[in-house]
Amino acid sequence: MSELHNEHEPCYILAVETSCDETSVAVVKDGTEVLSNLIASQIETHKAFGGVVPEVASRKHVENITLMLEEAVNKAGIGLQELSAIAVTQGPGLVGALLVGVVAATSLAMALNKPLIGTHHIAGHIYANRLVADIKYPCMALVVSGGHTDLVYMKSEGSFEVIGRTRDDAVGEAYDKVARAIGFPYPGGPHVDRLALEAEEAVDLPRVWLEPDSYDFSFSGLKSAVLNVVNQRKMRGEPVVESAVARGFQESVVEVLVTKAIRAVRAYDAKQLLLCGGVAANRGLRKELDRQCQLEGIELIIPPFEYCTDNAAMIGAAAYLKWKEQKFTALDMKAMPQFSLEEWSVQE
């Protein structure tokens with residue numbers, strides 16, 4: 001493999017993220033300083049289909065990845081041989097999309113004789129917070145994205161214990177389905193968020209708490225309740241007030257997310273609450289979580305919008321945990337669409 005690691009030298013990690021429909025390449029120094037972070041979005045391509053088409057996403061990654069690798073290094077202002085390691089999202093995600101990144105990263109690591117670090121996508125979302133603030137342990141992470149809604153307890157750096165997860169739809173999926181029901185295109189989350197914040201009234205919708213001591217989530221029933229409201233009003237010839245539906249839906253989602261996250265922080269005596277994932281860009285959720293954390297005296301970290309959605313800088317930040325422990329991935333690594341976060345833990 002590569003030359004021995006000198007702990008006094010800066011660590012430059014070239015990171016690749018292709019888990020879904022964003023192609024992203026970044027160079028991150030010492031796990032916290034972003035030297036470049038390029039993102040090519042495919043939203044306009046997939047909008048015509050009403051959602052992400054895996055085969056189309058993979059083809060777009062193939063088109064973009066080589067030029068983006070070159071541009072990310074150039075923008076970072078370093079040479080290829082100055083790189084310390086190559087990191088790539090190993091999973092979870094769409095298998096075809098993941099494979100494009102894995103093949104590109106593995107090929108580059110072999111060509112440059114640099115270590116390879118297969119990185120967990122959700123660990124990346126969590127450690128996006130490390131790009132803007134110091135993380136204090138133990139802490140709690142609320143992960144909210146298109147494919148994941150999890151509460152993750154971290155006793156120490158690089159240690160992950162999932163204490164709650166969605167049992168059906170992830171919150172981002174629910175947003176997109178509700179948006180479609182009230183007539184908005186993919187991706188629907190930003191439209192619902194905007195309408196909810198502008199609305200003067202709200203449709204009353206259920207809160208799904210599950211068992212009293214559970215940290216799990218369920219949004220499928222809430223999504224069905226929204227569809228029932230819309231369909232019943234249409235059948236009666238009554239107008240569907242989209243803003244009221246959006247506000248009712250968002251208030252239900254946000255109340256459950258915020259309440260369970262704060263309860264988990266208290267139960268586990270966490271020093272911080274981290275908000276992570278694409279839905280962390282939701283203004284309604286950010287506002288209410290910030291308000292409740294201030295009332296409760298809980299330190300809240302929320303990354304800026306550009307680090308909420310899928311990006312390679314967050315992968316570089318998470319990969320630095322493995323770099324510090326000199327734990328690298330074999331060059332015959334496979335993409336793992338069902339990768340377990342606990343399995344990726346740096347610390348046992």
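Only heavy atoms go into these numbers, but all of them, side chains included; no hydrogens, no water, no symmetry mates.
- A salt bridge between Lys327 and Glu325 is absent, with no side-chain N of the basic residue lying under 4.0 Å from a carboxylate O of the acidic one.
- The OG1 atom of Thr309 sits 8.0 Å away from atom NE2 of His125, with the distance rounded to the nearest 0.5 Å.
- Geometrically, Lys271 does not engage Tyr137 in a cation-pi contact, judged by NZ or CZ lying under 6.0 Å from the ring centre and within 45° of the ring axis.
- The distance from atom CG of Asp150 to atom OG of Ser145, rounded to the nearest 0.5 Å, is 7.5 Å.
- Annotation: Tyr175 is in aromatic contact with Phe249 [ring centroid separation under 6.0 Å].
- Note that CD1 of Ile86 is 4.5 Å distant from CG of Leu14, once rounded to the nearest 0.5 Å.
- Using a 4.5 Å heavy-atom threshold, the side chains of Asp310 and Cys20 count as touching.
- When only modelled atom types and interatomic distance are considered, Ser220 and Asp169 share no side-chain donor-acceptor pair under 3.5 Å.
- With Tyr215 as the aromatic partner, Arg165 does not meet the cation-pi criteria of under 6.0 angstrom to the ring centre and within 45 degrees of the ring axis.
- Annotation: Glu211, atom CD; neighbour count of heavy atoms from other residues, nucleotides and ligands within 6.0 Å is above 12.
- The two atoms that bring Glu251 and Ala202 nearest to each other are OE1-CB, 3.8 Å, heavy atoms only.
- At most 12 non-hydrogen atoms from other residues, nucleotides or ligands lie less than 6.0 angstrom from NZ of Lys155.
- Using a cutoff of 4.0 Å between basic side-chain nitrogens and carboxylate oxygens, Glu288 and Arg291 are scored as salt-bridged.
- With hydrogens and angles ignored, the 3.5 Å screen pairs no side-chain donor or acceptor of Asp30 with any backbone N or O of Thr32.
- Here the side chains of Ile126 and Val152 are in contact, with some heavy-atom distance below 4.5 Å.
- In this structure the side chain of Leu222 reaches within 4.5 angstrom of the side chain of Leu205, judged on heavy atoms.
- Side chain of Ser243 to main chain of Leu195: no donor-acceptor pair is present (N/O by atom type, distance under 3.5 Å, no hydrogens or angles).
- Residues Leu273 and Val143 do not share a hydrophobic cluster, clusters being chains of Ile/Leu/Val/Met/Phe/Trp/Tyr side chains in contact below 4.5 Å.
- We find the CG-CE distance between Asn228 and Met235 to be 10.0 Å, quoted to the nearest 0.5 Å.
- Put simply, the side chain of Val34 reaches to within 4.5 Å of the side chain of Asn37, judged on heavy atoms.
- Side-chain contact between Trp209 and Thr259 is present, with at least one heavy-atom pair separated by less than 4.5 Å.
- Within a 6.0 Å sphere centred on CD of Glu198, other residues, nucleotides and ligands contribute more than 12 heavy atoms.
- Each of Lys234, Gln232, Arg233 was checked for a side-chain contact (heavy atoms from CB on, under 4.5 Å) with Val230, and the lone residue meeting it is Lys234.
- When the side chains of ILVMFWY residues are joined at heavy-atom separations under 4.5 Å, either directly or via intervening members, Val245 and Val253 end up in a single hydrophobic cluster.
- Side-chain contact between Leu83 and Leu80 is present, with at least one heavy-atom pair separated by less than 4.5 Å.
- Annotation: side chain of Val162 is in contact with side chain of Glu342 (closest heavy-atom distance under 4.5 Å).
- Between Gln250 and Asn282, the side chains place a donor N or O and an acceptor N or O closer than 3.5 Å (distance only, hydrogens not considered).
- Side-chain contact between His121 and Glu17 is present, with heavy atoms from C-beta onward closer than 4.5 Å.
- No donor-acceptor distance shorter than 3.5 angstrom exists from the side chain of Arg167 to the backbone of Ser218, with no hydrogens or angles considered.
- Ion pairing of Glu173 with Lys223 is absent here, as no side-chain N (NZ or NE/NH1/NH2) approaches a carboxylate O to less than 4.0 Å.
- Aromatic ring pairs are classed by plane angle as parallel below 30°, tilted from 30° to 60° and perpendicular above 60°; the pair Phe160 and Tyr127 is perpendicular.
- Without hydrogens or angle criteria, Ser214 side chain to Asp216 main chain gives a donor-acceptor distance under 3.5 Å.
- Panel note: side chain Arg283, backbone Pro190; no donor-acceptor pair is recorded below 3.5 Å.
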